[in-house]
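Below is one structure, written out as structure tokens; comments come after it.
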Amino acid sequence: MTSRDETEALSVAAESSGALERHGSGSGSGEVSTQRHSSGEVSTERHSSGEVSTKRPGAVDTAEEPSPGTRPRTRDLDTSLIAEAATAPDTAAGGGSDDGSDDDGAPPGGRKRRPLRTSLIALAAITVAAAAGVAATGTIGGDGGGSGGSAPSGPPATAKVERTTLTDTETVDGNLGYGDATTVQAPASSSGTGDGQSGQDQSGQGQSGQGSSAAGSAGDGIVTWVPEEGKKIERGDTVYRVDQQRIPLLYGSFPLYRTLRSGSEGDDVRMLEKNLRALGYTGFTVDDTYNSATAEAVKEWQDDLNREETGTVAAGDAVVADGARRVADVKTSPGAALSGSILSWTGTERIVGVDLDVQFEDLVEKGTKVTVELPDNTTVQAEVTDIGTPSTSQGDDSADGSGSGDSGSGDSDDKATLPVELTVKDQKGLGRYQAAAVQVTLKAESREDVLVVPVSALVAQRGGGYAVEVVTADGTEYRPVKLGMFADSRVEVSGKGIKEGTVVGVPK
């Protein structure tokens, strides 16, 4: 029997370059020592006092007390572990027995695979962080000192400084269609000069006056024919029939409002004679006097319309518009009494309407050329032909003269729009679109003969301002630039060493 202070030693040695030794005593007070002999030896000792210490070559002895005011340096140990793990193979070079297992039953390399994986992940994170730092430093460029900001490698892509005309534009929403529809009304039933005429505009709606030879007293009769929607009606064509009498279309700027006969004078006489001449009737002089020659031409016209040849023209005998029309909506049907709305119509050519924000009012005037982009990305040229009156909600508040309404605040100005009409001469270029949402590009400003680069070529500098990465024979360098106008993803630049043809870096 050995005494309690006597130490038993148990040693298990591997055939590899390292060995594991365990020493134990028969009692708890005995000394225990564990040692692993390899390139990274680990020793564990239990002293008679019961204290246990662990040592690793080159590491801090954790059993030693740190000096006052200091902390154990564990960073060196962690770094060496990561370095060892990064260079070690997946399987351990030593520490295992001949049968491929450790004394405690762990598989070969079982103690090293986990530290290796963890260390590689840590190294990958450090690499990503470093790459991010380099990228961040590169995007802000140098301090504008010239070649001092040279890049270690070329840019991913390049572009050349160009000399061109740079045009700034504004793109707004528009609507393709045939314009606003106006309504054709039945003649008023009152005699004499029409009262309450609605639609006295260039479309010639709202005719009223004395009874006509076609419909008897104005407003009498039965509608016997109406055109279909989409039909194009030109000068002389039938707008509708009442009691089977044709009511034709005449061109003019105002409707017929009285009965015209020999002795009548005025602009309406001239308008009638112009239409008769355009329809092929002759024998009279186009002027503002209705004489016997005019009456004879009117009789020929009435005969062709299968009407009674009276030689006089009443208000309800024709509908007047400023040009050819396209039927948008039929509002009555054959068999209905001649009253109220008969149909609505528009112009025959497609136009573009824009409700323009008033802040862009200075960009348009009659004759301004614009570009219209269709839904299929094709474009056509258009011209501003009409500008309306800005709409604003302030008018409601000022009507009572108080001017103190809450809704009359400056907020209403932001909602004011300017109606603009654009004419497209190339109707074929509009394709088959009858109605569509389009994009309208207005020219705002132009700069001729300027140097430009893609906006993506700009590099922000640490001290403020911008530079471009210039590609030279020796590499690349950042050169400061002064910026001008921006337009169409390009920017006007100027600066020392910047000229037409200079190659600059851009992202891919």
Side-chain angles (χ1 to χ4, degrees), residues 174-188 194 196-209 212 214-215 218-219 221-257 268 271-272 274-275 278-279 305 313-354 382 385-386 388 419-425 427 430 432-436:
N175 291 289
L176 175 67
Y178 288 93
D180 295 333
T182 53
T183 303
V184 175
Q185 299 281 355
Q197 297 179 28
S198 62
Q200 286 192 20
D201 53 19
Q202 293 183 351
S203 60
Q205 285 82 359
Q207 319 264 353
S208 63
S212 69
I222 300 298
V223 176
T224 54
W225 179 87
V226 289
E228 69 274 12
E229 294 181 3
K231 180 177 177 59
K232 182 178 179 180
I233 302 176
E234 298 178 322
R235 185 187 344 236
D237 291 345
T238 302
V239 178
Y240 61 94
R241 290 177 182 263
V242 56
D243 295 339
Q244 282 299 90
Q245 299 296 308
R246 295 170 55 193
I247 308 299
L249 173 65
L250 300 180
Y251 290 172
S253 59
F254 57 92
L256 295 173
Y257 61 92
D268 49 352
M271 179 179 68
L272 175 62
K274 282 183 176 180
N275 277 278
L279 291 171
L305 292 174
V313 179
D317 285 349
V319 177
V320 181
D322 60 356
R325 312 302 287 172
R326 175 182 178 274
V327 178
D329 184 29
V330 177
K331 300 180 179 298
T332 189
S333 58
L338 181 62
S339 64
S341 300
I342 298 174
L343 55 84
S344 64
W345 56 15
T346 65
T348 57
E349 291 191 345
R350 290 164 289 180
I351 63 173
V352 176
V354 177
T385 52
D386 187 60
V420 177
E421 181 180 291
L422 312 175
T423 297
V424 181
K425 292 183 178 180
Q427 291 286 303
L430 295 173
R432 301 181 65 180
Y433 291 109
Q434 301 295 308

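No hydrogens, no waters, no symmetry mates; every other heavy atom, side chains included, goes into these values. Residues take their numbers from the sequence shown, with the count starting at 1.
Here the straight-line distance linking atom CD of Gln434 with atom CG of Leu176 works out to 8.5 Å at 0.5 Å rounding. Rounding to the nearest 0.5 Å places CG of Leu338 at 8.0 Å from CG of Asp243.
Considering only heavy atoms from C-beta on, Tyr251 stays 4.5 Å or farther from Met271 through its side chain. Using a 4.5 Å cut-off on side-chain heavy atoms (C-beta onward), Val242 and Val223 make no contact. Arg241 is listed as a side-chain neighbour of Arg246, based on a closest heavy-atom distance under 4.5 Å. With a 4.5 Å cut-off on side-chain heavy atoms, Thr182 and Arg325 count as touching. Taking 4.5 Å as the limit, every side-chain heavy atom of Leu305 sits out of range of all side-chain heavy atoms of Gln245. A 4.5 Å side-chain heavy-atom check between Leu343 and Val226 finds every atom pair outside the cut-off.
Closest non-hydrogen pair, Ala382 versus Leu422, comes out as CB-CB, 4.1 Å. Between Gly316 and Pro187 the shortest heavy-atom distance is CA-CG, 3.8 Å. Nearest heavy atoms, Ala328 versus Thr346: CB-CG2, 4.1 Å. Between Ala321 and Trp345, the closest heavy-atom pair is CB-CZ2, 4.1 Å. The two residues Ala324 and Lys232 come nearest to each other via the heavy atoms CB-CE, 4.3 Å. Of all heavy-atom pairs spanning Val330 and Glu228, the tightest one is CG2-C, 4.5 Å.
Asp322 places no side-chain N or O within donor-acceptor distance of the main-chain N or O of Gly252, the cut-off being under 3.5 Å. Under the 3.5 Å distance criterion, the side-chain polar atoms of Asp237 are left unmatched by any main-chain donor or acceptor of Leu249.
When Ile342, Val327, Val319 are each tested for a side-chain contact (heavy atoms from CB on, under 4.5 Å) with Val239, only one passes: Val319. The one candidate from Val424, Thr423, Val420 that meets the side-chain contact (heavy atoms from CB on, under 4.5 Å) condition with Thr385 is Thr423.
Annotation: salt bridge (charged side-chain N to carboxylate O under 4.0 Å, His left out) contacts involving residues 327-354, sequence neighbours excluded, comprise Asp329-Lys331.
Under a cut-off of 6.0 angstrom, the local environment of CG in Asp386 is crowded, with over 12 non-hydrogen atoms contributed by other residues, nucleotides or ligands.
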